[in-house]
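Throughout, residue positions are numbered sequentially from 1 according to the sequence presented.
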Amino acid sequence: MKKVWIIVFGLSCLGLSAQKKWSLRECVDYAVEHNLQVIQNQYSKQIQDSNLKMAKKEYLPSVSAGMSNSVGFGQLPLGTGSIRNDRFNNSANLGADVLLYNNGRLEKNIRKIQFDVEASQYDIETIKNDISLQIAQQYLTVLLNKEIVKISQSAVENAQKQYDRAKITTQVGTTAQTILAEAEAALAREKQNLKTAEINVGRALFAIVQLLQLPEYKGFDVEDVNVSDTLPSQLKSVDDVLTTAYENQPQIKAAESRIRSAEAQTEVTKTGFWPTLTANAGVSSFYNNMLSKNYDQLGNLVNDPSFFQQYKDNFGQNIGLSLNVPIFNKGITKLQVEQSKINQSIAKNTLEQQKNSVRQNVQKAQFDVDANYETFLSAVETEKSTKLALEFADKSYAAGRSTIYDVNVARNNYANAQGSVAQAKYNYLFSLKLLNFYSGIPLTL
């Protein structure tokens with residue numbers, strides 16, 4: 001019994017999960033946290049963070065220790081003869097060195113990598129913005145298609161009423177069989193249009209699932225947001241939007257950071273012309289053991305001192321300064337500086353490309369706002385006139401002064417006009433949201 005309740009509870013939770021409707025904010029937040037491209041760039045930034053940590057540790061001294069062992073066997077020349085020379089050698093050392101002067105190379109390299117870290121962070125923000133805009137556009141597409149579904153449902157209901165009326169009049173003999181056939185065909189067309197609209201909703205929802213990279217697309221849905229027919233007005237002029245975008249858009253700030261990084265790299269490369277001064281210090285000792293027996297002049301056996309005694313007796317220390325002055329390296333440093341300056345020019349050109357891209361996007365959004373607003377106004381007028389024409393056609397058909405074909409044409413015109421109003425409304429809304437986004441206003445509905 002306990003297992004049964006667990007299964008029932010699990011299915012209930014699954015049903016609640018399937019019925020969850022995502023808001024635009026939830027979609028955006030989920031995407032920027034779980035998108036694989038965002039995660040990939042976060043790894044790239046972590047690498048830059050590690051590079052920065054390593055660059056800062058270059059100020060610390062390098063410390064190393066070593067130990068060696070060797071064994072030798074054989075004869076050693078001595079005068080006109082030779083003696084047996086079998087021996088074991090052991091040595092150990094500990095040393096440290098620290099950079100004292102290199103014309104600020106370490107500091108300049110740290111500053112260069114800091115700019116790289118900044119650029120990596122802005123790259124992440126750029127990808128998040130791109131994904132957010134794609135989701136916002138698809139979200140509005142879902143809402144548009146849902147509104148078209150409502151329009152199609154209304155058209156199906158009207159076609160159904162007309163079919164029911166034609167069926168009655170045909171049965172009593174007041175209208176021809178062709179009228180019923182046309183009414184039936186009109187109903188079938190409206191049902192087909194409804195099914196197409198419903199499929200388009202599913203297709204738009206599937207596109208959002210792909211952007212969110214969810215493992216399962218079935219059961220996914222978004223909140224039904226009531227978008228007013230009263231279109232909001234533009235908050236800022238295009239010049240103000242551009243000014244704000246140039247100051248805040250991450251792709252531009254990333255390009256600016258890379259310019260500073262390239263300039264810092266040039267300064268790092270120039271340090272190759274300057275001397276490098278390094279200090280070093282160390283301690284060492286060794287042990288030597290004659291493996292063959294050794295006798296003195298009196299014939300007494302000579303024993304080597306003990307291991308620890310030799311290490312104590314042979315203990316030595318050293319300290320020194322090392323100066324490396326570059327004189328000639330085939331002009332490579334000079335060429336490297338020239339390459340760094342070329343990279344500066346490339347970075348500056350990239351910044352201009354990013355600014356140009358942002359300017360084009362803002363101007364296109366402004367053009368779309370103006371065009372879609374005019375389209376919306378004309379579509380509203382068309383909707384009013386086609387609605388009036390449909391009312392006249394219905395009355396005329398009921399009075400026997402027009403045919404069912406006229407009514408179907410009028411109904412199709414009205415449905416198309418309603419769809420055009422919805423299309424223009426959502427196109428205008430997305431263009432306006434895009435403009436507001438570039439001006440620093442978060443995406444909301």
Under 3.5 Å, which donor-acceptor pairs link side chains of residues 375-386 to any protein atom two or more places apart or in another chain?
residue, atom, partner, partner atom, Å
T375, OG1, A371, O, 2.8
S378, OG, E374, O, 3.3
S378, OG, T375, O, 2.9
T382, OG1, S378, O, 2.9
S385, OG, E381, O, 3.3
S385, OG, T382, O, 2.9
T386, OG1, T382, O, 2.8
T386, OG1, E383, O, 3.0

Checklist entry - Got a sec, which residues hit ring pair (Phe, Tyr, Trp, His ring centres under 6.0 Å) with Y373, two or more places apart in sequence or on another chain? => result Y428

Next on the checklist: If you apply the rule side chain to side chain contact (heavy atoms under 4.5 Å, CB included), what do you find for L133 with F437, and how did you get there?
Outcome noted: CA-CA 9 Å; L133 289 174; F437 181 81; 3.8 Å; yes

Checklist entry - What distance separates D97 CG from N280 CG, expressed to the nearest 0.5 Å? => result 6.5 Å

Item to check | Partner set under salt bridge (charged side-chain N to carboxylate O under 4.0 Å, His left out) for E147, not counting sequence neighbours | outcome: K425

Item to check | L205 side chain near V209 side chain, heavy-atom distance below 4.5 Å | outcome: no

Checklist outcome for this item: E26 meets the side-chain contact (heavy atoms from CB on, under 4.5 Å) criterion, sequence neighbours left out, with K20, W22, S23

Item to check | Verdict with reasoning, L106 to L99, per side chain to side chain contact (heavy atoms under 4.5 Å, CB included) | outcome: CA-CA 9 Å; L106 298 184; L99 185 65; 3.9 Å; yes

Checklist outcome for this item: Output for pair (L211 CG, F206 CZ), nearest 0.5 Å, gives 10.5 Å

Next on the checklist: Per the salt bridge (Lys or Arg N to Asp or Glu O under 4.0 Å) rule, what does the pair list look like for residues 346-364, sequence neighbours excluded?
Outcome noted: K364-D368

Item to check | Qualifying residues under salt bridge (charged side-chain N to carboxylate O under 4.0 Å, His left out), relative to E223, sequence neighbours excluded | outcome: none

Item to check | Sub-4.5 Å side-chain heavy-atom contact between I259 and L351 | outcome: yes

Checklist entry - So how far is it from K146 NZ to N200 CG, rounded to the nearest 0.5 Å? => result 13.5 Å

Checklist entry - If every non-hydrogen atom of T271 is compared with every non-hydrogen atom of N103, which pair is closest and at what distance? => result CG2-O, 3.7 Å

Item to check | Which residues share a side-chain contact (heavy atoms from CB on, under 4.5 Å) with Q310, sequence neighbours left out | outcome: Y287, N288, D304, P305, N314

Next on the checklist: Atom CZ of residue position F286 - does it have more than 12 heavy atoms of other residues, nucleotides or ligands inside 6.0 Å?
Outcome noted: no

Next on the checklist: I'd like to know if the side chain of Y426 pairs up with that of N372 as donor and acceptor (distance under 3.5 Å, no hydrogens or angles considered).
Outcome noted: no

Checklist entry - Is the closest side-chain donor-acceptor distance between T243 and D240 under 3.5 Å? => result no

Checklist entry - Do the side chains of V32 and S132 get nearer than 4.5 Å, heavy atoms only? => result yes

Checklist entry - Can you name the nearest heavy-atom pair linking A347 to A262, along with the distance? => result CB-CB, 4.5 Å

Next on the checklist: I'd like to know whether N35 forms a side chain to side chain contact (heavy atoms under 4.5 Å, CB included) with I39, so could you lay out the CA-CA distance, the side-chain angles of the two residues, the decisive distance to 0.1 Å, and finally the verdict.
Outcome noted: CA-CA 6 Å; N35 185 271; I39 295 174; over 6 Å; no

Next on the checklist: According to salt bridge (Lys or Arg N to Asp or Glu O under 4.0 Å), does anything in residues 203-217 pair up with another residue at least two apart or in another chain? List the pairs.
Outcome noted: none

Item to check | Salt-bridge present (E198, K195; N to O < 4.0 Å) | outcome: yes

Item to check | Residue pairs passing the side chain to side chain donor-acceptor pair (under 3.5 Å) test where at least one lies in residues 39-53, sequence neighbours excluded | outcome: K45-D49

Checklist outcome for this item: SG of C27 to CZ of F220, rounded to nearest 0.5 Å, is 4.5 Å

Next on the checklist: Between N361 and S357 (side chain of the first, backbone of the second, donor and acceptor by atom type, cut-off under 3.5 Å), is there such a pair?
Outcome noted: yes

For residues 54-68, which side-chain N or O atoms pair as donor and acceptor with protein atoms under 3.5 Å away, sequence neighbours left out?
residue, atom, partner, partner atom, Å
Y59, OH, E107, N, 3.4
S68, OG, S91, OG, 2.7

Item to check | side chain to side chain donor-acceptor pair (under 3.5 Å) contacts touching residues 111-127 (sequence neighbours left out) | outcome: K112-D116, D116-S261, E118-S257, Q121-E125, D123-R258

Next on the checklist: Testing the basics here: between L194 and V149, what is the closest heavy-atom pair and its distance to 0.1 Å?
Outcome noted: CD1-O, 3.7 Å

Next on the checklist: Return the CD to CG distance between Q363 and L435, rounded to the nearest 0.5 Å.
Outcome noted: 10.5 Å

Checklist entry - Nearest heavy-atom pair of A245 and V358: which atoms, and what distance? => result CB-CG1, 3.7 Å

Item to check | Side chain to side chain, T244 and Y438, heavy atoms closer than 4.5 Å | outcome: no

Next on the checklist: Could you report the tightest heavy-atom contact between V325 and P275, atom names first, then the distance?
Outcome noted: CG2-CB, 4.1 Å

Next on the checklist: Please tell me whether E190 and S152 have a donor and an acceptor in their side chains that are separated by less than 3.5 angstrom.
Outcome noted: no

Next on the checklist: Do T333 and K270 make a side-chain contact, defined as non-hydrogen atoms from C-beta onward lying under 4.5 Å apart?
Outcome noted: no

Checklist entry - After noting the C-alpha distance and the side-chain angles of F315 and Y311, does the key distance pass the ring pair (Phe, Tyr, Trp, His ring centres under 6.0 Å) rule? => result CA-CA 6 Å; F315 182 72; Y311 255 74; 9.1 Å; no

Next on the checklist: With heavy-atom distances below 4.5 Å as the criterion, would you say the side chains of I110 and L52 are in contact?
Outcome noted: yes

Checklist entry - Going through the distances and angles, do Q138 and I135 end up as a side chain to side chain contact (heavy atoms under 4.5 Å, CB included)? => result CA-CA 5 Å; Q138 272 317 127; I135 289 177; 5.8 Å; no

Checklist entry - In Å, rounded to the nearest 0.5 Å, how long is the span from OG1 of T266 to CG of N343? => result 7.5 Å

Checklist entry - Counting only heavy atoms not in N69, do more than 12 sit closer than 6.0 Å to its CG atom? => result yes

Next on the checklist: Has N318 got a side-chain atom pairing as donor or acceptor with G282's backbone, closer than 3.5 angstrom?
Outcome noted: yes

Next on the checklist: Under 3.5 Å, is there a donor on one side chain and an acceptor on the other for Q309 and D313?
Outcome noted: yes

Item to check | With V238 via side-chain contact (heavy atoms from CB on, under 4.5 Å) - residues at least two apart | outcome: V362, Q366

Item to check | Student check: side-chain heavy atoms of R411 and N408 closer than 4.5 Å | outcome: yes

Next on the checklist: Restricting to non-hydrogen atoms, name the atom on V98 and the atom on T278 that form the minimum distance, rounded to 0.1 Å.
Outcome noted: O-CG2, 3.3 Å

Next on the checklist: Between I346 and N349, is there a side-chain heavy-atom distance shorter than 4.5 Å?
Outcome noted: no

